[in-house]
Amino acid sequence: MANVLLAVIYLAFISLGLPDSLMGSAWPTMYPQYHVPVSYAGLVQIIITSGTIISSLLSDRLTFKLGAGKVVTVSVGLTAVALLGFSFSPTFWFLCLCAIPYGLGAGAIDAALNNYVALHYSSRHMSWLHAMWGVGTVVSPSIMSYALIEQHQWQLGYRYVSFIQIGITVLVALSLPLWVKRSSVTVESSSEQKASAKPLGLMGTLRLPLAKEVMLMFLCYCGLEGTVGLWASTYAVQARGISADQAAVWASYFFLGITGGRIAAGFIADKFSDTFMIRLGSAVLFAGILLTVNPTPYTVLTMLGLILIGVGCAPIYPSIIHATPELFGEDKSQAIIGVQMASAYVGYLVVVPVFGLIARQISALWMPAYILVFFLLMVGMHEFIQKKRG
């Protein structure tokens, strides 16, 4: 039965990735129909991201009251309803309204599942869990492509994914007894920890030793990942002079590196500590950054650099999450992971658009230098935390 629950958890994380790449695939068709500027996609994304930040910060209280299984069930259901609303949206402003439950559901899924797996499963499953998110981001554009090419309706793409989300919601709901059983049997926290467990709240969480450092580390990582994910193709065009079509393929190599890297990391993660996996990923990531700025005329080295950045990113995010219960205690891990998720979304909301301004006003050629700054901050925070831990 433990394997059944694990399969459901993997499905739930696929559900987290499914909506993330839908709008990017459909927006070129959507915005002319709504008679709005192309830039309005950013407004929808801000609403979604704001919702994820709010629900991530509330995840500690929600999980304490309802349990991880119920939080995930309700959250996947919220995203299903939101996507169904997208598919029937008559106006752009109704689309914005539907983005609210979308964001709230996504943030709660992320925080609750990450903490549950960190508490109950080994490091390899954390790596594979995040690889499942990558699977979701790959599947949904294919669904949208089918809806656009074969049926000429982007609305059907959202509707199909909504139906998948509804199915996953039902499966998670049916598995709720397994969540309760797993929690009662496998949590290794002491009876004193269980008795004293209570929601910390944002201010209480921030007062924990090393909490701010972990938040900054997470913000830097996610800002770096988001910047490369969004701007890699633009960098490839401006730095190497390749065509836009080619550059789009190059950018996909970064995501391929992350997904493939997390699958591969899962096979070795249990043999090494989370600290080692973070340092290993950082070393590969640094090598990738250096390759993207190589002065030679060989464009293949830049492409390899983007792949290595993705592979280097692969173990860092899951390892930070998996180390949280050990670093802060199992009774505080949900609160910490909630603010980590919020920090991640702040990184996407702030760090990525700031580089957009740099690319617009100066040049996208500065991408490697920009991400290097956040890489050094991330590594510095990690080593500072390890020093404080002794």
Side-chain angles (χ1 to χ4, degrees), residues 6 9-10 12-14 16-17 52-53 55-57 59-60 63 68 71-72 75 106-134 136 186-189 200 205 208 210-226 258-259 261-263 265-266 268-270 272-282 285 312-348 378-379 381-382 385-386 389:
L6 190 59
I9 290 172
Y10 281 163
F13 225 75
I14 289 175
L16 183 64
T52 57
I53 293 172
S55 58
S56 295
L57 294 175
S59 66
D60 184 28
T63 306
V71 170
V72 173
S75 300
I109 297 169
D110 210 354
L113 277 180
N114 273 298
N115 184 61
Y116 192 86
V117 173
L119 286 174
H120 299 286
Y121 293 95
S122 64
S123 184
R124 64 174 177 168
H125 289 299
M126 183 64 79
S127 292
W128 289 338
L129 181 76
H130 286 274
M132 292 303 102
W133 173 84
T186 62
V187 175
E188 298 176 357
S189 60
L200 287 175
T205 304
L208 294 174
L210 300 179
K212 297 182 182 67
E213 288 82 358
V214 170
M215 289 176 64
L216 180 57
M217 182 182 174
F218 224 74
L219 186 150
C220 290
Y221 167 79
C222 292
L224 183 158
E225 179 192 288
I258 289 183
T259 304
R262 284 177 178 162
I263 293 172
I268 64 170
D270 286 352
F272 302 101
S273 67
D274 292 317
T275 297
F276 177 86
M277 295 300 293
I278 292 170
R279 286 172 174 165
L280 176 63
S282 297
L285 175 53
C313 284
I316 296 175
Y317 188 112
S319 297
I320 297 173
I321 295 293
H322 191 263
T324 299
E326 179 186 351
L327 183 59
F328 293 96
E330 295 180 357
D331 57 324
K332 301 179 181 66
S333 63
Q334 182 64 70
I336 290 291
I337 288 177
V339 297
Q340 284 175 340
M341 295 298 103
S343 300
Y345 293 120
V346 169
Y348 289 125
M378 178 192 74
V379 171
M381 284 299 99
H382 179 252
I385 291 168
Q386 297 311 310
R389 291 179 67 189

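- A donor-acceptor contact shorter than 3.5 Å is absent between the side chain of Arg124 and the backbone of Ala269.
- Sorted by first and then second residue, the salt bridge (charged side-chain N to carboxylate O under 4.0 Å, His left out) pairs involving residues 334-344 (not counting sequence neighbours) form an empty list.
- Taking the six-membered ring where tryptophan is involved, the planes of Tyr116 and His120 are tilted, since the angle between them lies from 30° to 60°.
- Atoms SG and CE, on Cys222 and Met378 in that order, are 10.0 Å from each other to the nearest 0.5 Å.
- Residue Leu129 holds its CG atom at 7.0 Å from OH of Tyr10, rounded to the nearest 0.5 Å.
- For the side-chain contact (heavy atoms from CB on, under 4.5 Å) with Lys332, the qualifying choice from Thr324, Leu208, Leu327 is Leu208, the only one to do so.
- Summarising the geometry of Ala106 relative to Thr52, their closest heavy-atom pair is CB-CG2, 3.9 Å, with the distance given to 0.1 Å.
- For the residue pair His322 and Tyr121, no side-chain donor N or O sits within less than 3.5 Å of a side-chain acceptor on the partner.
- Ser333 has its side chain within reach of Leu119: a pair of non-hydrogen atoms, C-beta onward, lies under 4.5 Å apart.
- Looking at Ile321 and Met126, their side chains come closer than 4.5 Å, going by heavy atoms from C-beta outward.
- Among residues two or more places apart in sequence or in another chain, the side chain to side chain contact (heavy atoms under 4.5 Å, CB included) test is passed with Ala323 by Asp274.
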Report task. Given side-chain contact (heavy atoms from CB on, under 4.5 Å), test Glu225 with Tyr348 step by step and report yes or no. Result -> CA-CA 9 Å; Glu225 179 192 288; Tyr348 289 125; 2.7 Å; yes
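- Remark: side-chain polar atoms of Asp270 are paired, donor with acceptor, to backbone N or O of Ser123 under 3.5 angstrom.
- Taking CG from Leu224 and CD1 from Ile316, the interatomic distance works out to 8.0 Å, rounded to the nearest 0.5 Å.
- The CG atom of Leu216 lies 13.5 Å from the NE2 atom of His382; values are rounded to the nearest 0.5 Å.
- Of all non-hydrogen atoms in Gln334 and Ala111, the two that sit nearest each other are NE2-O, 3.4 Å.
- Residue pairs satisfying the salt bridge (charged side-chain N to carboxylate O under 4.0 Å, His left out) criterion with at least one member in residues 211-224, sequence neighbours excluded, are absent.
- Remark: Ser55 pairs with Leu104, Ala108 by the side chain to side chain contact (heavy atoms under 4.5 Å, CB included) rule, at least two apart or across chains.
- The backbone N or O of Cys313 lies less than 3.5 Å from a partner atom in the side chain of Tyr221, making a donor-acceptor pair.
- Side-chain contact between Gln386 and Ile278 is absent, with no heavy atoms from C-beta onward closer than 4.5 Å.
- Residues passing the ring-ring contact (aromatic ring centres under 6.0 Å, His included) test with His130, sequence neighbours excluded: Phe13, Tyr317.
- Across every non-hydrogen atom of Ser56 and Ala342, the tightest pair is CB-N, 3.8 Å.
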Query raised in the report: Going through the distances and angles, do His125 and Ser122 end up as a side-chain contact (heavy atoms from CB on, under 4.5 Å)?
Result: CA-CA 6 Å; His125 289 299; Ser122 64; 3.5 Å; yes
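- Taking CZ of Phe276 as the start and CD1 of Ile268 as the end, the distance is 7.0 Å to the nearest 0.5 Å.
- Between Met341 and Ser59, the closest side-chain pair of non-hydrogen atoms is not below 4.5 Å.
- The backbone N or O of Val72 lies less than 3.5 Å from no partner atom in the side chain of Ser75, so there is not a single donor-acceptor pair.
- The heavy-atom pair separating Trp128 from Ile263 by the smallest distance is NE1-O, 2.8 Å.
- Applying the salt bridge (charged side-chain N to carboxylate O under 4.0 Å, His left out) rule to pairs touching residues 106-119 yields nothing, sequence neighbours excluded.
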Requested in this report: Verify side-chain contact (heavy atoms from CB on, under 4.5 Å) between Val214 and Phe328, making sure each step is shown before the conclusion.
Outcome: CA-CA 11 Å; Val214 170; Phe328 293 96; 3.7 Å; yes
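- Residues Gly17 and Trp133 approach most closely at CA-CD1, 3.4 Å, considering heavy atoms.
- Atom CD1 of Ile320 sits about 13.0 Å away from atom CD1 of Ile336, to the nearest 0.5 Å.
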